[in-house]
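Reading through the C-alpha cells given below for one structure.
Lettering of chains follows the sequences in order, A, B, ..., and the numbering in each one begins at 1.
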Amino acid sequence: MTIKQELSNLIKEAILKLPLKEQDVPEIIIEKPRHKTHGDFATNAAFLLAKKLRASPYQISNKIVELLPTDSFVLEKVEIAGGGFINLFLTPSRFHQVLPQIEAEDTLFGTSKTKEGRVLVEFVSANPTGPLHIGHGRGAVYGDCLANIMTAVGYQVEREYYINDVGNQMQSLGRSLLIRYKQLQGDNVPLPENAYQGAYLIQLAKTLPAGAEDKGLDFFVQLAKEEILKEIRDDLARLGVKFNRWFSEESLYASGRVDETIRLLKQKSYAYEKDDAWWLASSGFGDDKDRVLVRETNVPTYLAGDIAYHRDKYDRGCDLLIDIWGADHHGYVDRMKAACAALDHNPDSLVILLYQLVNLLRDGKQVNMSTREGEFVTLKEVVDEVGPDAARFFFLMRDHNSHLDFDLELAKRHSTDNPVYYVQYAHARICSILREAAARKIEPLPAKKCQLNLLTVDNELEILTELAALPDDIINCANTFQVHHLTLYLQDLAALFHHYYNHNRIISQDRPLSLARLAMVNSIRIVIRNVLHLLGISAPEKM
RNA sequence: GCGCCCGUAGCUCAGCCGGACAGAGCAACGGCCUUCUAAGCCGUGGGUCGCAGGUUCGAAUCCUGCCGGGCGUGCCA
C-alpha cells in the first residue's frame with residue numbers, strides 16, 4: 001500500500017465515525033502541500049463535507065482529528081490550518097520503510113496491478129509513402145511510452161501500426177518511382193506536381209536494374225511500399241519503438257472484413273444510399289455531418305477501412321482502444337467515435353489522443369520544415385544527430401496537448417540545461433559512488449539491516465517521499481495519459497539527489513551512517529533506472 | 001464561418017476533476033572543485049496567471065464572451 005492510500009484510509013475511517021454513511025464520504029484527496037510547514041501531506045476533506053454537515057471546515061477538521069487513531073505508527077503529528085486543512089506529519093520510520101520495499105521489488109518497483117483489461121494502442125500508422133518526419137517521432141515515442149505505462153499498471157497491452165497500403169496514394173507512389181526510374185534511364189519524363197517529390201525515390205530507383213519498367217506498375221508500387229516500410233521499421237527500431245503487430249489495411253480487404261463491416265452498418269440502418277454513394281449516418285452520433293463510406297465509383301473510402309479495422313480490434317477482445325494521432329487529424333475524431341457507437345461500442349472505450357505539432361529549432365531559431373518537395377527534416381536525421389535517448393526525452397517532456405519546441409543544439413549539449421544528461425548523470429554518479437564503496441571494501445547491507453533512523457538530515461526525508469510517490473504517479477499517468485509527468489518526476493528526483501550529494505558525504509568514517517546512506521542512494525538509483533526504462537531511455541552507469 | 005489545441009517570470013514550460021503566500025529550468029548577476037563524477041551545487045533579482053464578466057466561503061484552475069497564436073474543416077489517406 002502506498003503512503004497516500006494508507007493516509008486516505010485513516011482519514012476515511014475517521015470520517016465514517018463522525019458518523020457518516022459510506023456513500024456520503026467524499027473522495028479523499030491526499031496531496032503533497034507546496035510548503036513544508038503544511039505537513040508532509042494534507043487533505044481538504046473537511047471543506048468537502050462542510051455543506052453536508054452544516055458546520056465550518058474548521059470544526060469538522062477538529063472532529064476528524066479527534067477520531068484519528070492515536071497509536072498509529074504512521075502519523076507523528078496532525079495540525080489544522082488554513083481554515084480547515086488537515087496537515088499530516090509522518091513519522092520518519094514510515095518514510096524509511098520505502099527503502100526495503102524498493103530493494104525487494106527492484107525492477108518492479110513503481111509498477112502495480114491496479115488495472116485490468118486488454119488495451120490496444122495504435123500509433124504512428126504513417127502512410128508508407130515516404131520517410132517518417134519529426135512529428136511522427138513524437139507520436140511514436142509518446143505511444144511507445146504510454147504503452148509501457150499502461151503495462152506497468154496492470155493492463156494487458158498490444159501495440160499496433162496500421163499500414164495504409166490501399167488507395168490512390170499507393171498507385172501514385174508507384175508511378176512516382178517509375179518516373180524517377182525512367183528519368184535515370186535518360187527519359188525526359190517530367191514528374192507531375194501531385195507526385196511524390198522526395199529524393200528518397202531517386203535513391204531507390206538507382207538500385208533498379210535496366211529493363212525494370214517491363215515488370216509493370218504494380219512491381220513499382222510493391223517495391224516502393226516495401227522499401228519505405230523497411231526504412232520506417234528501421235527508424236522506429238533505432239528510436240526503441242516497439243510494435244507487436246503491423247496491421248495491413250490491404251489484409252482487411254483481402255479477408256472481406258471491409259465489405260462485411262459495410263454490410264453490417266447497412267443492416268443496422270446506419271448506412272444509407274444517396275447520390276450514388278453509401279453514407280454513414282454519423283451525425284446521429286455527434287459528428288457534424290454524415291460521411292461517405294463507399295464512393296460513387298463503388299470504391300470504399302479510407303474511413304470504411306478504418307471502421308473495419310476498429311471493429312477488428314474489438315472483435316479480438318480488446319476492452320480499451322487507444323489511438324494516437326497528430327493534431328492535424330482532429331477533424332476525424334468525431335466520425336471515428338460515431339462509427340464505433342454505430343457498431344454498439346461504448347464511445348468511451350475508444351480514446352483518441354492527439355499530439356500537437358513539433359517545432360524544430362536550432363539554437364532557438366526555427367528550422368525550415370517545408371513539406372513541399374519533400375524537404376522536411378526526417379526523424380532519422382534528428383535521431384542521428386542527437387541520439388535516441390535525447391530524442392525520446394525531448395519528445396516526452398511536454399504534455400501531448402501542447403506544442404513542442406525541439407531544440408537540436410540543446411538536446412546535444414552536455415550540461416545542466418539539458419535535462420536528459422542531468423537525469424542520466426545522477427544515475428551515473430550514484431553508480432560511481434557504489435563502485436567507490438566497493439573499492440573501499442564497504443559491503444552494502446540490505447536496507448532493512450541498516451540503521452535507517454540515521455536518515456533524517458537535510459532533504460533525506462524529502463527524497464524518501466519522492467521515491468515513495470512513484471507508484472501513485474505512474475497510476476496517475478495511466479489515468480490521464482499524461483506521460484510528461486514522468487520526465488518532470490525524474491528531473492525533480494535528480495535535483496534532490498544532486499543537492500544531497502553536494503551537501504552530504506555518503507561514504508564516511510561513520511560506518512553505520514555510510515551503510516544507511518548507501519542504501520538510500522541505491523534506492524534512488526533503482527528508481528531513476530526504472531523510470532528511464534519506462535520512458536525507453538538508457539540508464540548509463542558511467543558518463 | 002465552424003471545430004480542436006495553446007496563451008502563467010525576458011525565454012521554454014509545470015501547476016488546471018477549485019483550496020493555504022503561483023513553481024521549475026534556462027538566460028542575467030555573484031559564489032563553491034587537495035575529500036564519493038563541477039555533465040554538479042548554493043545565493044540574488046524577476047509574475048496585472050491574455051482581457052472582461054459570472055459561479056463560489058475560495059478561481060491560474062469551472063462557465064460565458066472577446067483578443068492573440070497554431071491546426072483542421074475532401075466521395076485524399
Sugar-phosphate, base or nothing in reach of Ala50(A), heavy atoms under 4.0 Å: nothing
rG58(B) versus rG50(B) - spacing of their C1' atoms, nearest Å: 23 Å
Salt bridge Lys4(A)-Asp472(A), side-chain N to carboxylate O under 4.0 Å: no
Under the salt bridge (charged side-chain N to carboxylate O under 4.0 Å, His left out) test, residues paired with Glu122(A) that sit two or more places apart: Lys313(A)
Ring centre gap for Phe47(A) and Phe85(A) strictly below 6.0 Å: yes
Tyr272(A) and Trp278(A) aromatic centres sub-6.0 Å: no
Residue Asp328(A), side-chain atoms from C-beta onward, closest of rC21(B), rC71(B), rG40(B): rC71(B)
Atom pair distance, as rounded to whole Å: OH in Tyr422(A) and C1' in rG40(B): 8 Å
Check ion pair Glu250(A)-Lys225(A) (N to O, under 4.0 angstrom): yes
Spacing of the P atoms in rC4(B) and rC49(B) (rounded, Å): 26 Å
Which nucleotide in rA38(B), rC36(B), rC41(B) has an atom nearest any side-chain atom of Arg440(A): rC36(B)
Position toward the 5' end of RNA chain B (nearest nucleotide), Ser402(A) or Ile86(A): Ser402(A)
Pairwise 5' ranking along RNA chain B for Arg435(A) and Gln491(A), keeping only the more 5' one: Gln491(A)
Interatomic distance, Asp407(A) CG vs rA27(B) P [rounded to whole Å]: 13 Å
Touch class at under 4.0 angstrom, heavy-atom based, for His38(A) against every strand present: base
Between C1' of rC16(B) and CG of Asn476(A), the distance in whole Å: 13 Å
rA9(B) and rC51(B), which share atom name P, separated by this distance in whole Å: 10 Å
Touch class at under 4.0 angstrom, heavy-atom based, for Glu541(A) against every strand present: base
Side-chain (Thr301(A)) to main-chain (Val292(A)) donor-acceptor, under 3.5 angstrom: yes
Centroid distance under 5.5 Å and plane angle under 30°, Tyr501(A) vs rG40(B): no
Nearest-Å distance for atom pair CG/C1', residues Leu515(A) and rC36(B): 14 Å
Pairwise C1' distance, rG45(B) and rG10(B) [rounded to whole Å]: 13 Å
Rounded interatomic separation in angstrom, taking CD1 from Ile29(A) and P from rC16(B): 11 Å
Atom C1', compared across rU61(B) and rC16(B): separation rounded to whole Å: 4 Å
Integer-rounded Å distance: rG15(B) C1' and Lys32(A) NZ: 14 Å
Pairing stems for RNA chain B [at least three consecutive pairs; Watson-Crick or G-U; under 3.5 angstrom]: B:1-7 with B:67-73, B:10-13 with B:23-26, B:28-32 with B:40-44, B:50-54 with B:62-66
Span that lies between the C1' atom of rG15(B) and that of rA60(B), in whole angstrom: 8 Å
Single hit among Phe406(A), Tyr355(A), Tyr142(A) for ring pair (Phe, Tyr, Trp, His ring centres under 6.0 Å) with Phe395(A): Phe406(A)
Pairing residues for Ser283(A) by the side chain to side chain donor-acceptor pair (under 3.5 Å) criterion, not counting sequence neighbours: Asp290(A)
Lys/Arg N to Asp/Glu carboxylate O, Asp287(A) vs Arg291(A), below 4.0 Å: yes
Closest to side chain of Glu436(A), choosing from rC36(B), rA20(B), rG15(B): rC36(B)
No-H, no-angle donor-acceptor pair, His330(A) side chain to rG3(B) base, under 3.5 Å: yes
Separation of atom CG in Leu496(A) from atom P in rG40(B), rounded to whole Å: 16 Å
Contact residues, residues 392-399 of chain A to RNA chain B [heavy atom, < 4.0 Å]: Arg398(A), Asp399(A)
Salt bridge flag under 4.0 Å for residues Glu79(A) and Lys77(A): yes
Side-chain donor/acceptor contact of Asp492(A) with base of rA14(B) under 3.5 Å: no
Close side-chain approach of Ile430(A) and Ile524(A), heavy atoms under 4.5 Å: yes
Between C1' of rG25(B) and CG of Leu490(A), the distance in whole Å: 15 Å
Short side-chain N/O contact from Arg413(A) to OP1 or OP2 of rC26(B), under 4.0 Å: no
Whole-Å C1' distance, rU8(B) and rA14(B): 10 Å
Sugar-phosphate only, base, or nothing, as touched by Leu488(A) at under 4.0 Å among non-hydrogen atoms: sugar-phosphate
Phosphate-side-chain proximity, His484(A) and rG15(B), N/O vs OP1/OP2 below 4.0 Å: yes
Short side-chain N/O contact from His503(A) to OP1 or OP2 of rC41(B), under 4.0 Å: no
No-H, no-angle donor-acceptor pair, Asn44(A) side chain to rG19(B) base, under 3.5 Å: yes
Non-neighbouring partners of Glu409(A) that pass side chain to side chain contact (heavy atoms under 4.5 Å, CB included), sequence neighbours left out: Arg362(A), Asp363(A), Glu385(A), Asp407(A), Lys412(A), Arg413(A)
Pair Lys32(A) + Asp40(A): basic N to acidic O under 4.0 Å: no
Least distance between heavy atoms, Leu404(A) atom then Arg398(A) atom: CD1-CG, 3.4 Å
His498(A) side chain, from C-beta outward: closest of rC36(B), rG40(B), rG19(B): rG40(B)
Where the chi angle of rC62(B) falls, syn if within 90° of 0 and anti if not: anti
Neighbour count above 12 (heavy atom, 6.0 Å) for Lys266(A) NZ: yes
For nucleotides 74-77 of chain B, which of its nitrogen or oxygen atoms have a protein nitrogen or oxygen under 3.5 Å away, and what is each distance?
from	atom 1	to	atom 2	distance (Å)
rC75(B)	O2	Glu296(A)	N	3.0
rC75(B)	N4	Asp275(A)	O	3.3
rC76(B)	OP2	Arg295(A)	NH1	2.6
rA77(B)	OP1	Arg295(A)	NH1	3.2
rA77(B)	OP1	Arg295(A)	NH2	2.9
rA77(B)	OP2	Arg295(A)	NH1	3.4
rA77(B)	OP2	Tyr302(A)	N	3.3
rA77(B)	O3'	Val166(A)	O	3.4
rA77(B)	O3'	Gln169(A)	NE2	3.1
rA77(B)	O2'	Asn127(A)	OD1	2.9
rA77(B)	O2'	Asn127(A)	ND2	2.6
rA77(B)	O2'	Gln169(A)	OE1	3.2
rA77(B)	O2'	Gln169(A)	NE2	2.9

